[in-house]
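This report concerns only the one structure given below.
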Amino acid sequence: MKFELQHTDINSKARAGKVTTDHGEIQTPIFMPVGTVGSVKAVHQRELKEDISAQIILGNTYHLNLRPGIGILEQVGGLHKFNGWDKPILTDSGGYQVFSLAQMRKLKEEGVTFRSHIDGSKLHFTPENVVDIQRSIGADIIMALDECPPGDSDYKYAKSSMELTHRWLQRGVNHFKSTDPKYGYSQTFFPIVQGAGFRDLRKQSAETIASHNMEGNAIGGLAVGEPTEVMYEMTDVVTDILPADKPRYLMGVGTPANILESIALGVDMFDCVMPTRNGRNGMLFTSEGMINIKNKRWADDFTPVDPNGSCFVDHHYSRAYLRHLIISKEMLGSQIASIHNLAFYLWLVGEARNHIIAGDFHQWKTMMVKKVTTRL
RNA sequence: GGGGAGAUACCAAAGUGGCCAACUGGGGCAGACUGUAACUCUGCUGGCUUAUGCCUUCGUAGGUUCGAAUCCUGCUCUCCCCA
């Protein structure tokens, strides 16, 4: 993987860059649609490419390991072959499941044991075997196994959790360096900053992560219950330390406003389930504000889903029709809403990039944050 | 023509003397959702007003009772079975 830093904003820490992988280039800042089980829910690959202009998508180690299982993925030659997505794929390590499936896991120095949410069977993840699994999945970008502690963790817990993540990181890096890609293209490995809501821990973690000198770095453990200002503050602290010549990935974030603010703080890569999940639940993000399409006021609004939108569904369908579909729980509703939201997210980061390059990012962002947080 | 069952809030359906403004589900109206256990979850859904308050409601008209959606009588309507 290669990263080229192309422009840096004068009035903020925003950057425009280019990541190059064996599966193609990624223009940053970028948003990466989440496809947990190898599928961006309700969206097919041609739509991802042509309507949404996605440049990279996510998969998840925990979920893909359960289904279809590593055997199948190795047999077919990796996830790209399996799901028909020939652009880059990044896989999360299962660190988020340490947080989201907290009731069904046990943390130990060695690793983490999950109770499968599907059949209750035991799964053991270590910093080493999640590298193996991600190599088998064929991810272009492999994430380190981390512990993602809740946003309201106290200092003592946050510190010991961070230290565990750091020890795991060393093991993960060692293992990554001693193993090879399985399918003939290169894979890279991103470590993850932790430290919950504490500046000194975040600082310490960012320094530790940076010292491993990997090709890119991630910021984890944010947007997990802490106040938004804390999230920005932590991001700010961390991006001051992480090297400028490597991409920075803020994991799991976020709302359109979160993304704009974080771009201004020097983040290059984002992923979030919000455009897809909230879309399925009837929430649309647009350049003029947020729409709860289930609200009665849209029942007879026969204007386009998003007149400013860039993709087919935005102009082909009306708000009234989309509301009808979502309320009737029709699959097409989920599809339209997901495609629209993802296309908007990709448009948003693309515009951010254009404005960074043009030099007026800061004022554009200020205006855009206002719009995007409006409720229509 | 004979016999039987039933009418409860927008719909369906519990409740068969006080704990009933009335279970529950659907529908409706809002809200939530941030590295996806999520096409999911939460709240409200008679009126006034928001209170340990009042008023009006369980087909309809009366009655019994301290007290009725619940018991009795008349009426209206619906459904099922047999002719």
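Just so it is clear: chains get the letters A, B, ... in the order the sequence lines come, proteins before strands, and each one is counted from 1.
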### Task
From the options A:His124, A:Lys106, A:Arg105, select the one residue that forms a side chain to side chain donor-acceptor pair (under 3.5 Å) with A:Thr113.
A:His124

Students often get this wrong, so: under 4.0 angstrom with heavy atoms, is [X] touching a base, only sugar-phosphate, or nothing?
X: A:Asn258; answer: base
X: A:Glu261; answer: nothing
X: A:Arg375; answer: sugar-phosphate
X: A:Gln97; answer: sugar-phosphate
X: A:Ile192; answer: base
X: A:Arg67; answer: nothing
X: A:Ser116; answer: nothing
X: A:Leu145; answer: nothing
X: A:Gly282; answer: nothing

Measure from [atom1] on [X] to [atom2] on [N] and round the result to the nearest Å.
X: A:Lys296; N: B:C10; atom1: NZ; atom2: C1'; result: 12 Å
X: A:Arg280; N: B:A37; atom1: CZ; atom2: P; result: 11 Å
X: A:Leu66; N: B:U36; atom1: CG; atom2: P; result: 13 Å
X: A:Gln103; N: B:A37; atom1: CD; atom2: P; result: 11 Å
X: A:Tyr345; N: B:U34; atom1: OH; atom2: C1'; result: 8 Å
X: A:His63; N: B:G35; atom1: NE2; atom2: C1'; result: 10 Å
X: A:Leu342; N: B:U34; atom1: CG; atom2: C1'; result: 14 Å
X: A:Ile327; N: B:G28; atom1: CD1; atom2: C1'; result: 9 Å

### Check: A:Asn281 side chain, B:C39 base, donor-acceptor under 3.5 Å
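In this structure, the two groups form no donor-acceptor pair.
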
#### Entry: Base of B:G35 paired with side chain of A:Asp146 (donor-acceptor, under 3.5 Å)
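Flag set: donor-acceptor pair detected.
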
### Query
B:U34, B:A32, B:G35: which one has an atom nearest the side-chain heavy atoms of A:Arg277?
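In terms of side-chain proximity for A:Arg277, the closest of B:U34, B:A32, B:G35 is B:U34.
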
### Query
Which one, B:A37, B:U40, B:U34, comes nearest to the side chain of A:Thr255?
B:U34

## Note on the structure
Per nearest nucleotide of RNA chain B, the residue lying toward the 5' end, A:Val40 or A:Ile326, is A:Val40

### Task
By nearest nucleotide on RNA chain B, pick out whichever of A:Gln194 and A:Met331 is the more 5' one.
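Nearer the 5' end of the strand: A:Gln194.
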
Watson-Crick/G-U partner (both atom distances under 3.5 Å) of [N]:
N: B:U50; value: none
N: B:A21; value: none
N: B:A68; value: none
N: B:C58; value: none
N: B:G1; value: B:C82
N: B:A32; value: B:U40
N: B:C10; value: B:G26

### Message
Does the plane of the ring in A:Tyr317 sit parallel, tilted or perpendicular to the ring in A:Tyr321? Use 30° and 60° as the thresholds.
### Response
parallel

### Task
Would you please classify the geometry between the A:Tyr185 ring and the A:His23 ring as parallel, tilted or perpendicular, with 30° and 60° separating the classes?
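Rings of A:His23 and A:Tyr185: perpendicular, over 60°.
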
Sub-3.5 Å donor-acceptor pair from the side chain of [X] to the main-chain atoms of [Y], do we have one?
X: A:Ser262; Y: A:Leu265; answer: no
X: A:Thr374; Y: A:Lys371; answer: yes
X: A:Glu215; Y: A:Phe189; answer: no

### Query
Is there a side-chain contact between A:Ile26 and A:Lys18 (heavy atoms, below 4.5 Å)?
no

